[in-house]
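Notes for the one structure printed next.
Note that the structure is predicted; figures quoted are calculated from it, not measured.
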Amino acid sequence: VITAGTSQALDLTTTLFSRPGDTVFIEQPTYHLAVRIFRDHPVELAGIPADEDGIKVDVLASTLDRLKRAGKRVAFLYTIPTFHNPTGAVMAADCRRRLVALAAAEQLRIVEDDAYRELAYDGPAPPSLWSLAQPGVVIRLGSFAKSLAPGLRSGFITTDAETAARIIDSGVLDSGGGVSHFASLVIAEFAGSGEYADNVERLRAAYRRRRDALLAALSGLEGRASWRKPAGGYFLWLSLLDGMRTSELLELAEAQGTSFMPAAPFYLDPASGARSLRLSFSRYPPEMLAEAGRRLLAAAARGPLR
Ligand SMILES: Cc1ncc(COP(=O)(O)O)c(C=O)c1O
């Protein structure tokens with residue numbers, strides 16, 4: 001189903017597949033603007049912890065059990081298993097399998113945000129949850145925002161025929177006939193000419209260089225922070241080791257003329273993000289990222305860990 005991007009698809013999905021008072025599960029941390037979309041609906045949010053290998057399936061199972069016993073209905077789980085925003089993490093293969101098995105057994109719908117799939121730098125992206133699950137479990141949201149241009153406002157949903165039919169039968173698609181006709185037909189032309197595939201290759205090469213420039217610049221932080229090399233997407237997640245809070249580092253970094261996104265907005269409980277931050281390497285050329293890394297190091301050297 002063609003959408004006007006992942007944001008619109010999330011809004012429509014929440015409209016169609018939740019009822020007032022339902023719970024929506026979200027990973028912690030998660031894409032903070034998805035949370036804003038959910039908050040436009042009369043649903044409750046419940047955070048499920050995740051680490052670099054993906055969502056904690058055991059915690060998900062016990063939370064689901066507890067809510068069901070309390071008579072609550074869970075609308076769906078929202079997850080970003082591939083090149084996560086904000087952490088850059090990739091859900092491990094075993095976690096993917098356990099997650100889709102639990103979802104099938106418990107009839108828990110999964111909304112898979114797959115916005116960064118095309119931006120894989122170290123080999124192919126892992127199989128989507130949608131491709132692993134039996135039909136009816138996963139609604140996968142794709143986007144052309146990262147692989148082509150966000151301003152086109154075009155994306156797509158891949159799901160089973162029955163779920164797709166429910167989406168196509170929504171009032172908004174019935175009335176408008178679609179949500180992104182012109183841009184989607186432009187993209188279809190572009191893809192048909194082979195240019196889209198070439199563009200994705202160009203982006204991969206450029207962002208890989210940017211990621212590597214940032215990683216090289218960060219090596220001086222070893223021992224004071226920990227991070228994982230992101231295999232795709234836009235983001236690198238940094239956890240500060242003992243001694244410094246993100247808010248302190250942000251102030252020092254801005255005094256050095258660089259900045260980053262502190263982790264607090266990515267959590268339902270902002271205190272959880274006190275020692276983490278998100279660095280984005282998608283926007284600036286390698287030499288600027290190297291300079292930003294030097295400034296971040298200079299900022300860290302002025303903090304309590306110097
Ligand atoms: C995880 C995630 N989902 C969705 C979006 C928004 O996608 P779109 O522009 O297709 O609405 C973003 C953009 O930053 C994102 O990071």
Evaluation steps, side chain to side chain donor-acceptor pair (under 3.5 Å), between H41 and D11: CA-CA 9 Å; H41 299 264; D11 189 57; 2.8 Å; yes
Under the side chain to side chain donor-acceptor pair (under 3.5 Å) criterion, do Y31 and D113 qualify, and how do the steps go? CA-CA 10 Å; Y31 173 48; D113 185 335; over 6 Å; no
The test is side chain to side chain donor-acceptor pair (under 3.5 Å); show your working for R166 and T159 and say whether it passes. CA-CA 11 Å; R166 174 67 193 98; T159 190; over 6 Å; no
Would R140 and T158 count as a side chain to side chain donor-acceptor pair (under 3.5 Å) here? Give the steps. CA-CA 5 Å; R140 171 180 169 261; T158 48; 3.1 Å; yes
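For R294 and E291, the salt-bridge test passes: some basic side-chain N is under 4.0 Å from an acidic carboxylate O. Ionic pairing of D40 and R36 is not present here: no N-O contact between side-chain nitrogen and carboxylate oxygen is shorter than 4.0 angstrom. With salt bridges taken as basic N to acidic carboxylate O contacts below 4.0 Å, none links E118 and R204. Note on R19 versus D22: no salt bridge recorded, every NZ/NE/NH1/NH2 to OD/OE distance being 4.0 Å or above.
D160 contributes no side-chain N or O that, together with a main-chain N or O of P135, makes up a donor-acceptor pair within less than 3.5 Å. For the pair S219 (side chain) and A216 (backbone), a donor-acceptor distance under 3.5 Å is present. Between the side chain of R275 and the backbone N or O of L241, no donor-acceptor pair lies under 3.5 Å. In this structure, R210 contributes its side chain and S282 its backbone to a donor-acceptor pair below 3.5 Å. S184 places a side-chain N or O within 3.5 Å of a backbone atom of S180 that can act as its donor or acceptor partner.
Closest of all the heavy-atom pairs between T87 and P29 is CG2-CG, 3.6 Å. Here the closest non-hydrogen pair linking S280 and L289 is O-CD2, 4.1 Å. For the pair T13 and I157, the tightest heavy-atom approach, listed with the atom from each and the gap, is OG1-CD1, 4.4 Å. Closest non-hydrogen pair, R228 versus L236, comes out as O-CG, 4.3 Å. In terms of heavy atoms, A133 sits closest to V137 at CB-CB, 4.0 Å. Residue P230 comes nearest to F281 through the heavy atom pair CG-CE2, 3.8 Å, listed as atom of the first residue, atom of the second, then distance.
Summarising the local packing, OH of Y284 is surrounded by 12 or fewer heavy atoms from other residues, nucleotides or ligands at distances under 6.0 Å. Heavy-atom neighbours of E222 CD from other residues, nucleotides or ligands within 6.0 Å: at or below the threshold of 12. By the neighbour-count criterion of 12 heavy atoms within 6.0 Å, atom CD of E201 is densely surrounded, having more than that number from other residues, nucleotides or ligands. Residue-environment remark: CD (E195) exceeds the threshold of 12 foreign heavy atoms within 6.0 Å.
Side-chain atoms of R96 and V90, non-hydrogen and from C-beta on, do get closer than 4.5 Å to each other. Taking the side chain as every heavy atom from C-beta outward, R117 and D114 approach each other to under 4.5 Å. Under the 4.5 Å side-chain criterion, counting only non-hydrogen atoms from C-beta, T23 is not in contact with T63. When side chains are defined from C-beta on, T3 does not count as touching L141, because their heavy atoms never get closer than 4.5 Å. Residues K68 and V74 fail the side-chain proximity criterion, which asks for heavy atoms closer than 4.5 Å. The shortest distance between side-chain heavy atoms of F144 and F156 falls below 4.5 Å. The shortest distance between side-chain heavy atoms of T82 and P126 falls below 4.5 Å. Using a 4.5 Å heavy-atom cutoff, the side chains of Y207 and Y121 are in contact.
F235 carries R278 over the face of its six-membered ring, with the cationic atom under 6.0 Å from the centre and within 45° of the normal.
Taken from CG in L10 to CD1 in I37, the straight-line distance is 5.0 Å, to the nearest 0.5 Å. Remark: L296 CG to L238 CG distance equals 7.0 Å, nearest 0.5 Å.
Partners of T79 according to the side chain to side chain contact (heavy atoms under 4.5 Å, CB included) rule, which considers only residues two or more places apart in sequence or in another chain, are E27, L77, P81, M91, I110, L129. Scored by the side chain to side chain contact (heavy atoms under 4.5 Å, CB included) test, R69 finds D65 as partners (sequence neighbours excluded).
In terms of hydrophobic clustering, with Ile, Leu, Val, Met, Phe, Trp and Tyr side chains grouped at heavy-atom distances under 4.5 Å, L119 and F190 are assigned to different clusters. Side-chain heavy atoms closer than 4.5 Å link hydrophobic residues (I, L, V, M, F, W, Y) into clusters, and following such links, possibly through other members, connects V138 to V57. Under the 4.5 Å side-chain heavy-atom criterion for ILVMFWY residues, no single connected hydrophobic cluster contains both L60 and F76. By the criterion of side-chain heavy atoms lying less than 4.5 angstrom apart, applied directly or through intervening Ile, Leu, Val, Met, Phe, Trp or Tyr residues, W130 is not grouped with Y116; the two fall into different hydrophobic clusters.
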Donor-acceptor pairs under 3.5 Å, side chain of residues 255-265 to any protein atom, not counting sequence neighbours: which ones?
from, atom 1, to, atom 2, distance (Å)
S259, OG, E254, OE2, 2.7

